Amino acid sequence: MRKKIVAGNWKMNKDFKDAEALLYDISDLLAEKNQQGMEVIVCPPAVFLELAVDIAYEEQFHVGAQNVNQNEYGAFTGEISAPMLKSLEVDYCLVGHSERRKYFSETDALLAEKILLLLKWEITPVFCCGEVLAQRKKREHFNIVKKQLSEAVFHLDKENFSRLVIAYEPVWAIGTGENATPEQAQEMHAFIRELIAKQYDRDIAEEISILYGGSCNSKNAVGIFSKPDVDGGLIGGASLEAEEFVKVVCSYPT
Ligand code: PEP
């Protein structure tokens, strides 16, 4: 049975006091709702990771980083390494979010390096892929996602590949209020699963969790999560408020 996951990406939001309050609220609400079988991940800015791990000690949620450097240590001022994340007991790390691809020029070759390092340090990479609007309009979206997977993760051996989580995030849906329809999400998730089956085997394809991300919120999550190849969501804006985020978590059919 593949894991059902809802992950919140706070991006560059919240100060210390607000972050602390939000983490406690999420923890309390999750304890109250007791949504069995769901893995909840919170990805706050790096400066709040330690706080998040402390507040998550009762295991209502896991903690993920939003980024990691591709080097293990050294003279890279301002950067954060996989061993540092590991020392804080961070379990997950986003890799290849479209904002990092766009604003920090991250390529799939670079993402491949980050993924290897995370796997070495036993932190689960959440690999983000997805097309921009112009590519979808030209019907190139399947090829774009295939290329991203080929260049960033398909070099991994079976054992390592099976440790990934994948997030399909059409860039045109991120932060725009325009989510993919459940059918569009299902179509791409099924395509990704088929690629994995071809590259590895059917068992691995069936075991990998593929999340949907892009303007997913408590109003549209039920429809998107009802699709058979959607194993949860990567949530940006709607993860910044506890009740809304936990409503999204509870949108998964139990
Ligand atoms: C994201 O940042 O990964 C994301 C999906 O953002 P939003 O939900 O705000 O579109």
Side-chain angles (χ1 to χ4, degrees), residues 4-14 18-19 22 26 38-46 48-49 52 61-68 90-104 106 108 111 114-115 118 124-133 135-136 141 144-145 148-149 152 164-182 184-186 188-189 192 209-225 227 230-252:
K4 308 299 177 195
I5 299 171
V6 172
N9 173 17
W10 293 9
K11 313 192 189 199
M12 199 174 72
N13 289 297
K14 306 290 175 191
D18 291 346
L22 178 53
I26 289 171
M38 288 298 295
E39 181 120 327
V40 179
I41 308 169
V42 176
C43 303
F48 307 138
L49 284 170
F61 58 86
H62 292 259
V63 177
Q66 296 176 16
N67 184 33
V68 67
V90 165
D91 295 324
Y92 290 88
C93 183
L94 305 182
V95 180
H97 190 282
S98 65
E99 287 148 20
R100 296 222 50 97
R101 291 174 186 266
K102 180 175 176 190
Y103 301 122
F104 302 94
E106 294 196 354
D108 285 297
L111 304 176
K114 294 187 181 208
I115 286 168
L118 288 168
T124 302
V126 179
F127 176 68
C128 307
C129 55
E131 79 286 354
V132 299
L133 188 57
Q135 291 162 336
R136 179 164 277 263
H141 46 297
I144 292 296
V145 168
Q148 290 169 335
L149 288 163
L164 301 182
V165 171
I166 293 178
Y168 168 57
E169 297 208 299
V171 182
W172 48 270
I174 297 181
T176 59
E178 194 194 332
N179 60 285
T181 63
Q184 285 171 323
Q186 168 59 25
M188 182 59 87
H189 286 223
I192 293 172
S209 300
I210 307 177
L211 315 183
Y212 167 77
S215 298
C216 188
N217 56 39
S218 64
K219 293 193 177 68
N220 56 36
V222 172
I224 296 169
F225 292 174
K227 293 296 176 188
V230 178
D231 304 310
L234 178 52
I235 316 299
S239 72
L240 294 172
E241 203 270 309
E243 268 196 39
E244 172 68 4
F245 180 58
V246 174
K247 267 191 204 165
V248 175
V249 172
C250 294
S251 300
Y252 207 92

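Side-chain atoms are counted along with the backbone in the values below, which use heavy atoms only and exclude waters and symmetry mates. All ligand and atom numbering here is 1-based and tracks the order in the structure. These numbers come from a predicted model, not from an experiment.
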Worksheet item: Just which atoms of ligand 1 are under 4.0 Å from any heavy atom in Glu169?
Response: 1 (C), 3 (O), 4 (C), 5 (C)

Practice prompt. Applying side-chain hydrogen bond (donor to acceptor under 3.5 Å, both in side chains), run through Ser218 and Glu244 and close with a yes or a no.
Written response: CA-CA 6 Å; Ser218 64; Glu244 172 68 4; 2.8 Å; yes

Worksheet, complete the sentence: Sorted by chain and number, sequence neighbours left out, side-chain hydrogen bond (donor to acceptor under 3.5 Å, both in side chains) with Trp172 holds for Glu131

Item to complete: Decide whether an N or O pair under 3.5 Å exists between Glu99 and ligand 1.
Response: no

Item to complete: Give a yes/no verdict on whether any heavy atom in Ala173 is under 4.0 Å from an atom of ligand 1.
Response: yes

Item to complete: Using distance alone, with no hydrogens and no angle criterion, decide if Asn67 and Lys114 have a side-chain donor and acceptor under 3.5 Å apart.
Response: yes

Discussion item. By the definition side chain to side chain contact (heavy atoms under 4.5 Å, CB included), identify the one residue from Leu211, Asn220, Asp231, Val230 that meets it with Phe225.
Written reply: Val230

Worksheet item: Looking at ligand 1, does Gly214 have a heavy atom less than 4.0 Å from it?
Response: yes

Discussion item. At under 4.0 Å between heavy atoms, is it the side chain or the backbone of Leu234 that contacts ligand 1, or both, or neither?
Written reply: both

Item to complete: Please determine if Ile174 has a nitrogen or oxygen closer than 3.5 Å to a nitrogen or oxygen of ligand 1.
Response: no

Worksheet entry | N/O separation below 3.5 Å, Gly237 to ligand 1 | yes

Worksheet item: Quick one: does Ser215 get an N or O within less than 3.5 Å of an N or O on ligand 1?
Response: yes

Worksheet entry | Test of proximity, Gly175 against ligand 1: N or O pairs below 3.5 Å | yes

Worksheet item: Which heavy atom of the protein is the closest neighbour of atom 1 (C) of ligand 1, given with residue, atom name and distance?
Response: His97 NE2, 3.2 Å

